[in-house]
Amino acid sequence: MEDKPPAAIGENGWVYMVLATGPSGDGGAAREPSFLLQRADATGAPAAPAAVVSSADLPAAVAALEEPSLRWVWEGTRRSYLPLLRAGTTVERCHDLSLTRELLVLSQYAADTGYIRALRADSGRRPAEQPHRDDEQDQFTLFDQQPPSATIGAVLQELQDQLAAVAGSPRRERLQLLVAAESAGALVAAEMERAGLPWRRDVHEEILTRLLGPRPRPGQRPARLDSLARELYRLLGVPAFNPDSPQELLRALHRADIEVRSTRSWELREHRHPAIGPLLEYKKLARLASANGWEWLESWAGEGRFRTEYVVGGVVTGRWASRGGGGLQIPQQVRDAARADEGHRLVVADASQLEPRILAALARDDALAAAARGRDLYQGIADVGFGGDRAKAKVAMLGAMYGATTGESGRLVPQLARTYPRALATVERAARAGEAGEVVSSHLGRGCPEPSPAWRRAQLSATAEEQRRADAAARSRGRFTRNFIVQSTAAEWALCWLAEVRRRLRASAASGTFIGELVFFLHDEVVLHVRQDQADAACALVAEAAADATRLMFGRIPVEFPVSIAAVDSYAEAK
DNA sequence: CGTGTCAGCGCG
DNA sequence: AAAGCGCGCTGACACG
């Protein structure tokens, strides 16, 4: 069944080059740190004497050793690779020890080795997260990212242990691909952080001024918000209050006989009162001013590029998180400020309805695959079972993947189950497993976390009230695991896509045609900044990479994963 | 004074 | 139209 061609980013036969901190570390010495470069074979066994290189010489040494069949091995990609990038050195592939460790500790596909058992025993005792160090360090200390005690021997040993845990896996191909894709993603993340999303300060400022008025003095409310606030006082018939305070706002609404339980926009929208319109506008604009206003612009995008730190594997499902600037939450309101440079274009591509297509592939649901054959999966579903009502079909599908139980969404799910029993059975099975305290897995073997000891204890509780709460917690975990199998596999598809886009961009550059670079990634969407005369080539490349991702993940299956691709000047023009 | 939590809302 | 998954960030607010 799995007659896949060799997995381009997950295949065998690599040699490794370990980059570790050198022997200088005697603790706080003022000496320039040095580094060890140790070649190792496909099992991680050392294959040559280690070379010692100074920090200043490292980028050149890495560039000189780089070759197509080599994976660079380091503890953390961002810390090791960003300084190399700043020096103009890139590498084709790597093996990120830290990311691989996090994958293996939760993966049901990892071989049952001593290393894996020790990791799991340790993760029970380990505090959840090491505190994040703000890096205002210089280049030298940025290189110095290994744990102080990690000798080259220990790093080599862990590499061997990780490779053995993958090689001995009952699903070796899948796990290999997952490990390779995760590390490839880490390279992309560092490169995108360095590149940044092209950002026009003047365009952003024009948007802010148009919507909010001129930039206010620090601590002052923008003019437009100020006038909306005064209008609210008048319409609600209450003296001045702070609309930014949920408590004060709630009290003001109640005094005007608007009986809301919260100040959420969706609840406000259900009421008819002259103040509701201006209040919703106030909330929208206040959000813009605080989250993506002038201060945000100066802090994160002032120099012509928006830069955020991507946290690879930062979400349990394998999605990326971000740190700084709300990197993955750029609102539509300001996306027009993301503009291609002169002589360039942005190529914006997103995978259409990725998650339901992933579900079709996971469940081998031929009926759902058939509905997915067209460009618009939801319309395909609607035409079969929902009288052509696309909105209903979409709500039903999302409800099935999220575990909706009430409302219209919950009501429509059974209708979906009649047409796509295999797909629904797949998410139901994941939900039941989660409720029972079991773990579930993505297609390539990313495991979801175990329930906490407190969760397990609560399931055995005695009193009726405790039992009720435990049942609610069980259902909550069921919704999590139900969604996990879909979201995590979708994240894997996107990671393979991203890695293939990068591989093709590099191959093209190596053969003399520089097309452009990846500059942004958002779960199921990529943005490239490309030379204007290469825009068509870039679009084709992105489409081919999507086909590669599907083949890498699932081999030959009847499910299509179309991507919509546009070459534009402004990010706002796309979709 | 700083730190942690909550409400709310942005993104997928 | 509804409130089901995953995140990060802000201002308000409570607390030490």
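Hydrogens, waters and symmetry mates are skipped; everything else that's a heavy atom, side chains included, is used. Keep in mind that this is a model prediction, so the values were computed, not measured.
Between A:R319 and the phosphate of C:dG6, there is no side-chain N or O to OP1/OP2 separation shorter than 4.0 Å. Taking only side-chain nitrogens and oxygens, A:K283 comes nearer than 4.0 Å to OP1 or OP2 of B:dC9. For the pair A:K394 and C:dA2, the criterion of a side-chain N or O lying under 4.0 Å from OP1 or OP2 is not met.
Remark: A:S262, A:T263, A:R264, A:S265 in residues 256-269 of chain A come within less than 4.0 Å of DNA chain B through at least one heavy atom. Within residues 400-407 of chain A, the residues that have a heavy atom under 4.0 Å from DNA chain C are, in order of number, A:Y402, A:A404, A:T406, A:G407.
Residues A:R429 and A:R432 form no side-chain contact, since every pair of their non-hydrogen atoms from C-beta on lies 4.5 Å or further apart.
With A:Y378 as the aromatic partner, A:R390 does not meet the cation-pi criteria of under 6.0 angstrom to the ring centre and within 45 degrees of the ring axis.
Taking the six-membered ring where the residue is Trp, the centroids of A:W199 and A:W296 are separated by under 6.0 Å.
Between the side chain of A:R482 and the base of C:dG4 there is no donor-acceptor pair of N/O atoms closer than 3.5 Å.
With a cut-off of 3.5 Å on both pairing distances, C:dG4 has no Watson-Crick or G-U wobble partner at all.
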Which protein N or O atoms sit under 3.5 Å from an N or O of nucleotides 13-16 of chain C?
unit_1 : atom_1 : unit_2 : atom_2 : d
C:dC13 : OP1    : A:S245 : OG     : 2.5

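Using a 4.0 Å heavy-atom distance criterion, A:S409 is classed as a base contact. Residue contacts for A:K284: at a heavy-atom cut-off of 4.0 Å it reaches the sugar-phosphate backbone alone, with no base atom in range.
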